[in-house]
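Values in this document were obtained by computation on a predicted structure and should not be read as measured data.
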Amino acid sequence: MKPSFYERPVLDVARDLIGCAVRHGGCVGVIVETEAYHDSEPACHAFVGLTRRTETLFGPPGRAYVYRSYGIHALLNAVCEPAGVGAAVLIRALEPVEGLELMAARRGLDGAAPARALCSGPGKLTQALGIELTENGCDLARGPVVIEPRAAGWGDVPVSVGRRIGITKAVELPWRFCVTGSRFISAPVRAVEDR
DNA sequence: CATGGGATTGACT
DNA sequence: GTCAATCCCATGC
């Protein structure tokens, strides 16, 4: 995807990335779950302003923001909006389509493990695709981590909206997007009016 | 320089 | 349902 795709309101990009594909390390998966983050709200790392950690978030759109979570997992984001704005889309789940055996091996799972176990969470998918912190800042059009346009059949899938997962601030914002009814997402979507 | 908190996951009661 | 692993980095003394 070109930089112009990402240089738009982060909520639009989060919705439009549903159905696109992520390619890395000999594996491909279709994005079925995303969340939006923006420096105007406190759940976003960029809320604290420009620091060493948030450099990539405030940089040009179309780059990967990869950071370590809980000391264990690498989480993948796509940087959005013009340079100077700290915004990104967290990739939370993929439907595996290529390199399933390699994904299972990287995840330490048996080859017979169900496909839904491979990439159904932001830490799981980076492990399955072999994405590490060294990919932070990489150009998502050139790689090593590449995001590709929607393939046939993914052009017009229904999308559900809900609240973001695993955060303690700004929990009420409906900034999570999922393929409606997908078995490959990390957790069920609760209706926005549920609270 | 010391401290504390995670955009999570998997193992266990 | 509970809980620990583990490390980067922002903050405060």
**Report entry** Watson-Crick and G-U pairing of DNA chain B written in dot-bracket, each distance under 3.5 angstrom, with | for inter-strand partners
**Finding:** ||||||.|||||.
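Side-chain N/O atoms of A:R107 include one lying less than 4.0 angstrom from OP1 or OP2 on B:dG10.
Looking only at side-chain heavy atoms (C-beta outward), A:C119 and A:M103 come within less than 4.5 Å of each other. Within the 4.5 Å cutoff, no side-chain heavy atoms of A:V22 are placed close to those of A:L125. You'll find the side chain of A:V66 stays beyond 4.5 Å of the side chain of A:N77, heavy atoms only.
Protein atom CG of A:L173 is 15 Å distant from nucleotide atom P of B:dA7, rounded to whole Å. Between the CG atom of A:L57 and the C1' atom of B:dA7 there is a distance of 11 Å, rounded to whole Å. One atom, CG of A:L75, and another, P of B:dG6, lie 15 Å apart when rounded to the nearest Å. At whole-Å resolution of the value, CD in A:E33 and P in B:dA7 are 16 Å apart.
The ring pair (Phe, Tyr, Trp, His ring centres under 6.0 Å) search around A:Y67 returns A:H45, A:Y65, not counting sequence neighbours.
Scanning residues 109-126 of chain A for heavy-atom distances under 4.0 Å to DNA chain B yields A:G121, A:P122, A:G123, A:K124. Of the residues in residues 134-141 of chain A, not one comes within less than 4.0 Å of DNA chain B through any heavy atom. For the segment residues 86-106 of chain A, no residue has any heavy atom less than 4.0 angstrom from an atom of DNA chain C.
To the nearest 0.5 Å, atoms CG (A:L129) and CD (A:E98) are separated by 10.5 Å. Between atom CD1 of residue A:I31 and atom CG of residue A:L76 there is a gap of 8.0 Å, rounded to the nearest 0.5 Å.
Criterion: ILVMFWY side-chain heavy atoms under 4.5 Å apart, direct or through other members. Under it, A:V189 and A:V179 are part of a common hydrophobic cluster.
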Provide a list of protein-nucleic acid N or O atom pairs under 3.5 angstrom, restricted to nucleotides 1-3 of chain B.
none

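Among residues at least two apart or in separate chains, side-chain hydrogen bond (donor to acceptor under 3.5 Å, both in side chains) pairs with a member in residues 26-41 of chain A are A:E33-A:R92, A:E33-A:R176, A:E33-A:S186, A:E35-A:Y37, A:H38-A:S40, A:E41-A:R164. Among residues at least two apart or in separate chains, there is no salt bridge (charged side-chain N to carboxylate O under 4.0 Å, His left out) pair with a member in residues 58-78 of chain A. Legend: side-chain hydrogen bond (donor to acceptor under 3.5 Å, both in side chains) pairs involving residues 6-23 of chain A, not counting sequence neighbours, sorted by first then second residue: A:R8-A:D16, A:R23-A:E148. For residues 104-119 of chain A, every residue pair satisfying the side-chain hydrogen bond (donor to acceptor under 3.5 Å, both in side chains) rule, not counting sequence neighbours, is listed here: A:R107-A:Q127.
The closest donor-acceptor contact from the side chain of A:T126 to the backbone of A:A74 lies under 3.5 Å.
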Could you pull out every donor-acceptor pair under 3.5 Å between side chains of residues 78-88 of chain A and any protein atom, sequence neighbours left out?
residue	atom	partner	partner atom	Å
A:E81	OE2	A:V10	N	2.7

Query raised in the report: Nucleotide by nucleotide, 5' to 3', does protein get under 4.0 Å of the base (B), only the sugar-phosphate (S), or neither (-) in nucleotides 4-13 of chain C, counting heavy atoms?
Result: -BBB-SSS--
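The aromatic ring of A:Y67 is not stacked on the base of B:dA7, since the criterion of ring centres less than 5.5 Å apart with planes inclined by under 30° is not met.
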